[in-house]
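Each chain gets a letter, A, B and so on, in the order its sequence line appears, and its residues count up from 1. Just so it is clear, the model here is predicted, and its values are computed rather than measured. Scope of the values below: all heavy atoms of this structure, side chains included, with no hydrogens, waters or symmetry mates.
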Amino acid sequence: MKKLEKGLERPAPAVEVTHLRKVYRKPEVVAVDDVSFCVDVGSCFGLLGPNGAGKSTTLEIIQGLKRPTSGEVRIFGLEFAREGRHIRSRMGGVLQENQLYAKTKVREALELFASFYPAPRDIPSLLEELDLAPLAERFVKDLSGGQRQRVFLATALVGDPDLVFLDEPTTGLDPSTRQDFWRIVSNLKSRGKSIVLTTHYMEEAEALCDSLVIVDAGRVIEGGTPEAIIERVMKGRELPAAVRTATLNDVFLTLTGRGLEAFR
Amino acid sequence: MKLSSSPLVQFFLLGLRGVLREKSVVFWSFLFPLFVTGIFVQAFSPSNRPDPFRLGVGGFAAVDAPWLSTLSTAEGVTLVQVDDALSAIPNYAEALSRETDAKSLPSALRDIFFRQKIDALLTPTGFFSLKATEASARDVNRILAAKARARGETLEIRPVNVKGVSFADWFAPGMIGLTILTGGLFGTSFRLTSDREKGLFRRYMLTPFRRSDYVLGFVASRAVFVVAQSVLLLGLFRVVFGFQVHGSVVLFLGLVCLGSLASNLLGAAIASRIQKSEVAGGVANIFFFPMMFLSGVYFRTENFPPWLKSITDCFSLSALNTALRAVANEGLGVADVSFEIGVLVVWAVACLALTVALFDWGQER
Ligand SMILES: Nc1ncnc2c1ncn2[C@@H]1O[C@H](COP(=O)(O)OP(=O)(O)OP(=O)(O)O)[C@@H](O)[C@H]1O
Ligand SMILES: [Mg+2]
């Protein structure tokens, strides 16, 4: 992408994805099909879509874990091929499936991850912020699923990254912990950090995301701010009787025709 | 910069905790080698043999009687008179000096050895034994010395084995070598494949970690652990079996380090592409079994056919065992074990190169 506006000093977007395509071999699956989007610095961006839509694949390509079949990814205007290490020192991530060494203490795990980054966060204050302080000396294997998830979030934030990738960070969290998580994300945004997340909770996307795309079968089928999408898609449509105003959930169901929360 | 904020140190600590927090480690690292050594020493150590040394004597004139009687009082020696049997064989002296192999001895002569169960035969023309062991060599020395004393001669005796390497002395370094190999082959390959299986490498790939920090930190943690383990084992062997390192302990531990490096890098090379930790153990066995049996852990390789010995000498465990024994039992120095050091370095470098070239860090290739 060439700069179009000459003389205009616009900062490079946090993430810029253009015509991304990913075809898995064996079995042959087109997981991502011509996906393009842009994440502004300091904003929270959501990737929504039903199971198997290609969200995790897209995130992993952006994070440099997978190679795209075609298309381009730039992070703060930089390319992985040339500046991978620099990019990685500015980003943090939680994968959809995570594990840590069972016989490692929470504090030790964070010390390990902190050591990778040039300017890591102070571990005690991070533990405090994520409500992990009482668990600091516990072995990872002795934590509950939700507690472990918070530890993973902590490993993603310990490097004080400018850009955070979160693949279904709140799946399996209780409602109050999820509220805590929303507060953490708002905090990050207020500190100028950029966030890319996937979620199956529409109220979460509505609450957190400044803009989002909805993908299905690897293709972007909608995109924009939550309000604009609701307005555009639900205008003139009949709403379920009990609901006064349309929510993102209605958009999701209308577009993908599948109820996700019914599975949970 | 604080030391603990170095990724190398962090990976080192991670590796060390990985072993130290495993309860079974105490058993496999300390009790098992001690236990096996104990069993083998009990089974094979000549010093524990309940039977005394049976010395056949024959063909001596009456003038020799005094020293023969000195011998019979010597501790641990039983004299067996084979005069009659021997005199029935006309040219036994010639046959004995000619033949070196029990099979080619005249059958009457062979019978003396096997029927009478004698360990050695003493005649006026010499001392003959079909079992050239260190223990029998020591017994010969004792017998010859007794003979000389009885005759009032000052016979100059050159003992065959000055230090008197016991079976335990011989066995202990091999046990340390084997422990090092197992730790590297199985411990490292399992650990690395299970890290990959758990997706930990993928997680690291999201960070600016350095692969070399991971590998070096891990290998260093293993080496430090193995040195500590060897120091403890040396202490245990000393207390239990009287084992001693006659050469430089620093050189001994240096060899332990190098052996650990070669073994761990072999484990890493094995783990390069394996996706399932269960498979790693199977592949490690391909290296483990030949080394365990052919690298002189349980039995000596000196009597292997030369072509086989020249192959097994290049096994990393053979090199390690030979070098450890040379330093511990013969007190040799660096220069004397340079071939073995070379073999270990080649193994380490080759495995490192393979690991660097092949290792799967969980990224899509
Ligand atoms: N390694 C792989 N090889 C082949 N196909 C794959 C592979 N990984 C994912 N897929 C397929 O690619 C498609 C997209 O998968 P992806 O994990 O990106 O979906 P997702 O949107 O994250 O789904 P979910 O909401 O369930 O996490 C799916 O059809 C999946 O079966
Ligand atoms: Mg997913």
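- For a residue to count as touching a neighbouring chain, one of its non-hydrogen atoms must lie under 4.5 Å from one of that chain's; by this rule Phe165(A) does not touch chain B.
- Considering CG of Leu112(A) and OG of Ser5(B), their distance stands at 12.5 Å, rounded to 0.5 Å.
- Chain A forms the most heavy-atom pairs under 4.5 Å with one residue out of Asp213(B), Asp195(B), Leu13(B), and that residue is Asp195(B).
- Between Tyr101(A) and Arg191(B), the closest side-chain pair of non-hydrogen atoms falls below 4.5 Å.
- The environment of Tyr24(A) atom OH is dense: over 12 non-hydrogen atoms of other residues, nucleotides or ligands sit within 6.0 angstrom.
- For the pair Lys105(A) and Arg17(B), the minimum side-chain heavy-atom distance is 4.5 Å or more.
- In this pair, Tyr204(B) and Phe113(A) present their aromatic rings tilted. The plane angle is within the 30 to 60° band.
- Rounded to the nearest 0.5 Å, atoms CD (Gln10(B)) and CG (Leu110(A)) are 10.5 Å apart.
- Between Tyr117(A) and Phe209(B), the ring center distance fails the sub-6.0 Å criterion.
- Counting non-hydrogen atoms of neighbouring residues, nucleotides and ligands closer than 6.0 angstrom, the CD atom of Glu128(A) reaches no more than 12 such neighbours.
- Of the atoms belonging to Tyr214(B), it is side-chain heavy atoms, and not backbone ones, that fall under 4.5 Å from chain A.
- Summarising the geometry, atom CG belonging to Leu206(B) is positioned 9.0 Å from atom OG1 belonging to Thr155(A); distances are rounded to the nearest 0.5 Å.
- Within a 6.0 Å sphere centred on CZ of Arg238(B), other residues, nucleotides and ligands contribute 12 heavy atoms or fewer.
- Closest of all the heavy-atom pairs between Ser115(A) and Ser6(B) is CB-C, 4.0 Å.
- Inter-residue side-chain proximity for Glu197(B) and Gln99(A) is flagged as unmet; no heavy-atom pair is nearer than 4.5 Å.
- With a 4.5 angstrom heavy-atom cutoff, Ala109(A) does not touch chain B via any of its atoms.
- Separation of atoms OG1 (Thr207(B)) and CZ (Arg85(A)) is listed at 8.5 Å; rounding is to 0.5 Å.
- Annotation: Glu97(A), atom CD; neighbour count of heavy atoms from other residues, nucleotides and ligands within 6.0 Å does not exceed 12.
- Salt bridge status for Glu60(A) with Arg203(B): absent, with no side-chain N to carboxylate O gap under 4.0 Å.
- Atom CZ of Arg210(B) has 12 or fewer neighbouring heavy atoms from other residues, nucleotides or ligands inside a 6.0 Å radius.
- Options Lys66(A), Glu108(A), Glu111(A), Lys103(A) differ in how many heavy-atom pairs under 4.5 Å they form with chain B, and the most are formed by Glu108(A).
- In this structure, chain A has heavy atoms under 4.5 Å from both the backbone and the side chain of Arg202(B).
- Lys198(B) has its side chain out of reach of Asn98(A): every pair of non-hydrogen atoms, C-beta onward, lies at least 4.5 Å apart.
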